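Below is one structure; the comments refer to it alone.
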Amino acid sequence: MKLLTNLIFDSPAVSLFLAVVSLFLLYTFTKKNYSRNNTHLPPHPPKLPFVGNLLQIGSLPHQSLNSLSLKYGPLMLVYLGEMPYLIVSSSDMAEAVMRTYDHTFATRPRSVASEILLDGDMAFGPYGNIWRQMRKICTTHLLSSKNIHSYKTMREEEIGYMMQEVKNKAFLSNGVAIDMSKILYSFANNIICRLVSGKFFRDEGKSDLFRGLIEENVAILGAFSVSDLFPSLACLEGILGLSGKSKKHKIRWDKLLDEVIELHIQRRVCGEDGDIHEDFVDVLLSLQKDVCSHLSMENVKGLLLDMFAAGTDTTYIALEWTMAELLKNPNIMTKLQYEVRKIVRQNKMVTSKEVTELPYLQAVIKESLRLHPPAPLLLPRQSMEECNINGYTIPKGIRVLVNFWAIGRETKSWETPYEFKPERFIGSEVDYKGTNFQFIPFGAGRRICPGMNFGASTLELALANLIYQFDWELPCGTRTDDFDMKEMSGLTTKKKEALRLIPKYRTSIDE
Ligand code: HEM
């Protein structure tokens, strides 16, 4: 989540902005706020007028919020500009929000960018009938267990392409480290584009176009616009805010999605069927024809955009961190390679079926998601009515951030929480399905990630093949202790430095 601090310091309009801030300081002193009206609100750190607690939030908000919550408790208020946010930082409080009061917190706050870019979508859309209908389509027609199984061949094919790319780059680089972040990003991007639009995206130049648009999406959706945090400055949105950028970006998406949809319509009319399986565009177009369907073309495009935005970064980031942890912990890498190579003896590639027989691999992925959740603050929620949690009044309309990064490090749930120790998941019932609130990398409740099973299967198969087919080394001169594990802030949290590794292809699997 791009911080306002970034917004202020990066913006060319910084001076104008600060001048306006000073003028409004006086105004906000007199402005009524939640804390003066209600004494039962959760505690909050001391705040400055107008900017609230913004200056206490560093470039990695989940880490700053974790430090504040250790002082002010697992349910605290933080003022980001004029807007109060409820920060949830323990498994108990997460359970209260996402199970006990699941319905109360089932909606999402709208931001300037999501309002423009994702009008009619599901992931950032308000809770209600349209969301329910889209969610049903998503879980029964697009990402059901049956469908996920049917995407097996496509997933294996895309992993095959990635393996070939690593092999080629390893050959050409002649023992020099290659940029694995780039390769993993392309893989995650290709698999989501293929899932959503079939092979269309591979047409001339389209792959790069999709990639650029998705990257821009994540950047825009992860940034706060001025009026998101300072509603009293809404009049300055046009000059300082994100709305202009979001509108331009939306036009580019519309053009591309119209083209994808038109091509799918024509293909149906001509009776062509290039892909063995229907892709998401095909499914959504069929459903739209249903007389009972209230799915507008905006909803179809919104759902397609959701898949691109929610599926690409998360998958790539999870793979990037898992590989980084394995290189940092060579004993764990050896143990994992032993497990995979023992089961998979005959094949050139690990198959989806074989992955189900690899408990240590699954433990490694869970441990990586615990320490490095791709979405450390999940996606924001908003309360639809007032409620009472732990003796505190939670007002209607308040925005909520569940800090899973902090929950994954809670000492009451996790022994030596900062250590990468996959063994903790062996023989443990703790899973990410949304019922164990100490482990919710995919969220929980009615807004839980509908791509969880698809995402997890992709991670498992990709990782199994990466470590089955290759041995991996750090760049020459880098020791495991020096290996950079810093995070970079955004809607999702990737590695700050690109993951550069030396892959050594195991020629024995060709024999
Ligand atoms: C490692 C992979 C992934 C992770 C860690 C992840 C994580 C998340 C999280 C934390 C949320 C918010 C849940 C909440 O508010 O409780 C979410 C929502 C969502 N995710 Fe994922 N996700 C992943 C992969 C995917 C994939 C592959 C897709 C689609 C193909 C997807 C589609 C969505 C959608 C559409 C939502 C919004 C759901 C709603 O608001 O009803 N995700 N995801």
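It should be emphasised that the depicted structure is a prediction, and the values quoted were computed from it without experimental measurement. Just so you know, ligand 1 is whichever comes first in the structure, and atom 1 is the first atom listed for that ligand.
Shown in contact with L378 at under 4.0 Å from a heavy atom are these atoms of ligand 1, numbered in order with element: 10 (C). Within the listing of ligand 1, atoms 14 (C), 15 (O), 16 (O) sit less than 4.0 angstrom from a heavy atom of R381. With ligand atoms numbered from 1 in the order given, ligand 1 contributes 16 (O) to contacts under 4.0 Å with heavy atoms of M98. When each atom of ligand 1 is checked for a heavy atom of A444 under 4.0 Å away, the hits are 16 (O). Taking every non-hydrogen atom of A123 and a distance limit under 4.0 Å, the qualifying atoms of ligand 1 come out as 37 (C), 40 (O). Interface of M307 with ligand 1, defined as ligand atoms under 4.0 Å from a residue heavy atom, comprises 29 (C), 30 (C).
In the candidate list P450, S457, A309, P450 is nearest to atom 19 (C) of ligand 1, counting heavy atoms.
Other residues, nucleotides and ligands place more than 12 heavy atoms under 6.0 Å from the NZ atom of K250. More than 12 heavy-atom neighbours from other residues, nucleotides or ligands sit within 6.0 angstrom of NZ on K366. In K328, the NZ atom is crowded: over 12 heavy atoms of neighbouring residues, nucleotides or ligands sit closer than 6.0 Å.
Residue R108 touches ligand 1 through its side chain alone, judged by heavy-atom distances below 4.0 Å. Looking at P373 against ligand 1, nothing comes within 4.0 Å, counting heavy atoms. For P441, every heavy-atom contact with ligand 1 shorter than 4.0 Å involves the backbone, none the side chain. In F124, neither the side chain nor the backbone holds a heavy atom less than 4.0 Å from any atom of ligand 1. At a heavy-atom cutoff of 4.0 Å, ligand 1 is contacted by the side chain of R135 but not by its backbone.
The shortest heavy-atom distance from W131 to ligand 1 is under 4.0 Å.
R108 contributes a side-chain N or O that, together with a main-chain N or O of A123, makes up a donor-acceptor pair within less than 3.5 Å.
Salt bridge present: D254 and K301 bring a charged side-chain N and a carboxylate O closer than 4.0 Å. Using a 4.0 Å cut-off between charged nitrogen and carboxylate oxygen, R424 and E367 count as a salt-bridge pair. The residues R252 and E216 are annotated as not salt-bridged, no charged nitrogen and carboxylate oxygen being separated by less than 4.0 angstrom. Under the 4.0 Å criterion applied to side-chain N and carboxylate O atoms, R399 and D228 are not assigned as salt-bridge partners.
At the shortest separation from atom 27 (C) of ligand 1 among protein heavy atoms lies G311 CA, 3.7 Å. Nearest protein heavy-atom contact of atom 32 (C) of ligand 1 is A310 CB, 3.4 Å.
Between W253 and H249, the two ring planes are perpendicular [angle over 60°; tilted spans 30° to 60°].
The ring pair (Phe, Tyr, Trp, His ring centres under 6.0 Å) with F425 is formed by just one residue from the set Y360, Y432, W414, F420; it is W414.
Distances between N or O atoms of R446 and those of ligand 1 include no value under 3.5 Å.
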